[in-house]
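Presented below is the structure to which this report refers.
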Amino acid sequence: MYNSRIAGMGAYVPENIVTNDDLSKIMDTNDAWIQERTGIEERRHIKEGDGNSTAIMGVKAAKIALERANMTAQDIDMIVFATLSPDFYFPGCGVQVQEMLDMRTVPALDVRNQCSGFIYALSTADQFIKTGMYKNVLVIGSENHSGGLDMTTRGRNVSVIFGDGAGAAVLTREEDNAKGILSTHLHSEGKHALELALKGPSTMEWVPELIEKNPQEDIPYYPYMNGQFVFKNAVVRFSEVIIEGLEKNKLKPEDIDMLIPHQANLRISQFVQKQFGLNDDQVYNNIQKYGNTTAASIPIALTEAWENGKIKDGDTVVLAAFGSGFTWASAIIKW
């Protein structure tokens, strides 16, 4: 059995910056209220006419990852694309990436596990490489949240949290089993599915257009989140799945060189950091700049941490996520 390792990473976020003060002009909120509850200062939103979509942002991140891996699109044997906001109900974004990058007729697989999506996608790619079926797999997490948010006071508890963006990683075969992805751990608990859910549309005809055509009081098109319940579950499951990964690899919390948690809420990350006794140099957070980008949050943060020299060869890197479903996951990586 082979291991897989990350050969290259890339990230892309729209140029349009939306600050907390910007949001205070369209809903009853303010910078202090948002920062106190989430840690977020600003986020990026797709702007009408900027040429971005979930698939297009994924392609932009993928091109950077491919260049850094010293590969071309023709070297890729498979695409795994994670998102909750695909351009269409179907087909999925994976086949759009295959076409946009002018790839061979490689398989394209779409993963719908929301905040845990990137780790689920990473784990899927890892299994295909481990068995020797494929050598190089492109993994993408990309989200277009902004057009589907209730940007009024009614929706502020959810809408202030989310941003748009994409991250990508190229996984390749590694024959040294002491390097690369050491293990991944995936879980779900569907009885809580409706505590964080959206029952509505796709991103190509987003919520304002649908409401204009079909006005109603009880709107199922916007995301719903039972915030306190999600928070309480998140801090428990984050810890459990990190411990599971560490124990599998005979590691201890002090062996963690870098923890990249899903950027759901800075308070959750800080709680987990305190639980494991990690210092600020051992945890990377960028939710302050980008908000929660769901499936894109971990690859964006992982890319930035590596770019900033915070991840070096030989480091033990832990990825962990929790989100809608509920689903949660972790990955233990020897860089």
Side-chain angles (χ1 to χ4, degrees), residues 1-11 58 61-82 94 97-98 101 103-104 106-111 113 116-142 166-187 241-242 244-246 248-251 255-260 262 295-296 298-303 305-306 311-321 329-335:
M1 296 275 285
Y2 301 103
N3 267 18
S4 60
R5 64 176 174 84
I6 297 175
M9 294 174 298
K63 287 180 177 179
I64 297 169
L66 285 165
E67 182 179 352
R68 289 173 171 172
N70 294 315
M71 294 185 195
T72 71
Q74 301 310 311
D75 295 314
I76 296 299
D77 302 311
M78 183 184 190
I79 304 159
V80 187
F81 198 112
V97 170
Q98 183 274 334
L101 291 178
M103 291 178 165
R104 297 173 290 118
V106 299
L109 174 67
D110 289 74
V111 172
N113 284 87
S116 304
F118 184 78
I119 300 182
Y120 267 75
L122 196 75
S123 180
T124 301
D126 180 45
Q127 308 313 310
F128 277 105
I129 291 174
K130 269 183 164 60
T131 60
M133 186 168 183
Y134 298 123
K135 183 178 179 182
N136 302 314
V137 181
L138 174 62
V139 182
I140 298 172
S142 182
V170 175
L171 267 62
T172 192
R173 183 182 299 168
E174 172 60 60
E175 297 191 7
D176 184 350
N177 287 337
K179 294 181 181 178
I181 297 175
L182 302 182
S183 65
T184 56
H185 309 270
L186 313 177
H187 297 274
V241 81
I242 291 170
E244 181 182 1
L246 293 175
K248 169 71 174 177
N249 295 283
K250 296 180 172 56
L251 298 170
D255 296 318
I256 298 173
D257 295 299
M258 179 57 66
L259 169 64
I260 309 275
H262 162 57
I298 285 179
I300 291 174
L302 186 62
T303 298
W306 176 79
I311 298 176
K312 305 175 291 297
D313 287 351
D315 279 357
T316 298
V317 178
V318 177
L319 313 179
S330 67
I332 312 297
I333 304 170
K334 180 62 71 172
W335 206 258

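Residue numbers run from 1 in the order of the sequence given.
- The two atoms that bring Thr316 and Ile332 nearest to each other are CG2-CG2, 4.4 Å, heavy atoms only.
- Using modelled atom types, no side-chain atom of Gln98 and backbone atom of Gly94 make a donor-acceptor pair closer than 3.5 Å.
- Between Ile119 and Asn113 the shortest side-chain heavy-atom distance does not fall below 4.5 Å.
- Residue His185 comes nearest to Gly245 through the heavy atom pair NE2-CA, 3.3 Å, listed as atom of the first residue, atom of the second, then distance.
- Atoms CG and OG, from Leu122 and Ser116 in turn, are 12.5 Å apart once rounded to the nearest 0.5 Å.
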Next on the checklist: side chain to side chain contact (heavy atoms under 4.5 Å, CB included), that's the test. Do Ile242 and Leu259 meet it? Break it down for me.
Outcome noted: CA-CA 9 Å; Ile242 291 170; Leu259 169 64; 4.1 Å; yes

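- Ala321 approaches Ile298 most closely through the heavy-atom pair CB-CD1, 3.9 Å.
- Val317 has its side chain within reach of Leu302: a pair of non-hydrogen atoms, C-beta onward, lies under 4.5 Å apart.
- Distance CG/Asn3 to CG/Asp126: 7.0 Å, rounded to 0.5 Å.
- Residue-environment remark: CD (Gln74) exceeds the threshold of 12 foreign heavy atoms within 6.0 Å.
- The two atoms that bring Gly58 and Ala166 nearest to each other are N-CB, 3.8 Å, heavy atoms only.
- At least one side-chain heavy atom of Ile79 sits less than 4.5 Å from a side-chain heavy atom of Val106.
- Residues Met258 and Ile311 have side chains in contact (heavy-atom distance under 4.5 Å, counting atoms from C-beta outward).
- Leu138 has its side chain out of reach of Met78: every pair of non-hydrogen atoms, C-beta onward, lies at least 4.5 Å apart.
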May I have the list of side-chain donor-acceptor pairs in residues 171-182 shorter than 3.5 Å, sequence neighbours left out?
| from | atom 1 | to | atom 2 | distance (Å) |
| --- | --- | --- | --- | --- |
| Thr172 | OG1 | Asn136 | OD1 | 2.5 |
| Glu174 | OE1 | Arg5 | NE | 3.0 |
| Glu174 | OE2 | Asp176 | N | 2.9 |
| Asp176 | OD1 | Ala178 | N | 2.9 |

Next on the checklist: Between Val137 and Ile129, is the side chain to side chain contact (heavy atoms under 4.5 Å, CB included) condition met? List the steps.
Outcome noted: CA-CA 8 Å; Val137 181; Ile129 291 174; 3.9 Å; yes

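- Val318 is not listed as a side-chain neighbour of Leu251, based on a closest heavy-atom distance of 4.5 Å or more.
- Side chain of Arg104 to main chain of Ala73: no donor-acceptor pair is present (N/O by atom type, distance under 3.5 Å, no hydrogens or angles).
- Under the 4.5 Å side-chain criterion, counting only non-hydrogen atoms from C-beta, Arg68 is in contact with Thr303.
- Of all heavy-atom pairs between Ala331 and Thr184, the closest is CB-CG2, 3.9 Å.
- Distance check: Trp335 CH2 to Asp313 CG gives 9.5 Å after rounding to the nearest 0.5 Å.
- Formation of a donor-acceptor pair under 3.5 Å by the Asp77 side chain with backbone atoms of Lys135 is found in this model.
- In terms of heavy-atom proximity, Ile6 sits nearest to Ala169 at CG2-CB, 4.2 Å.
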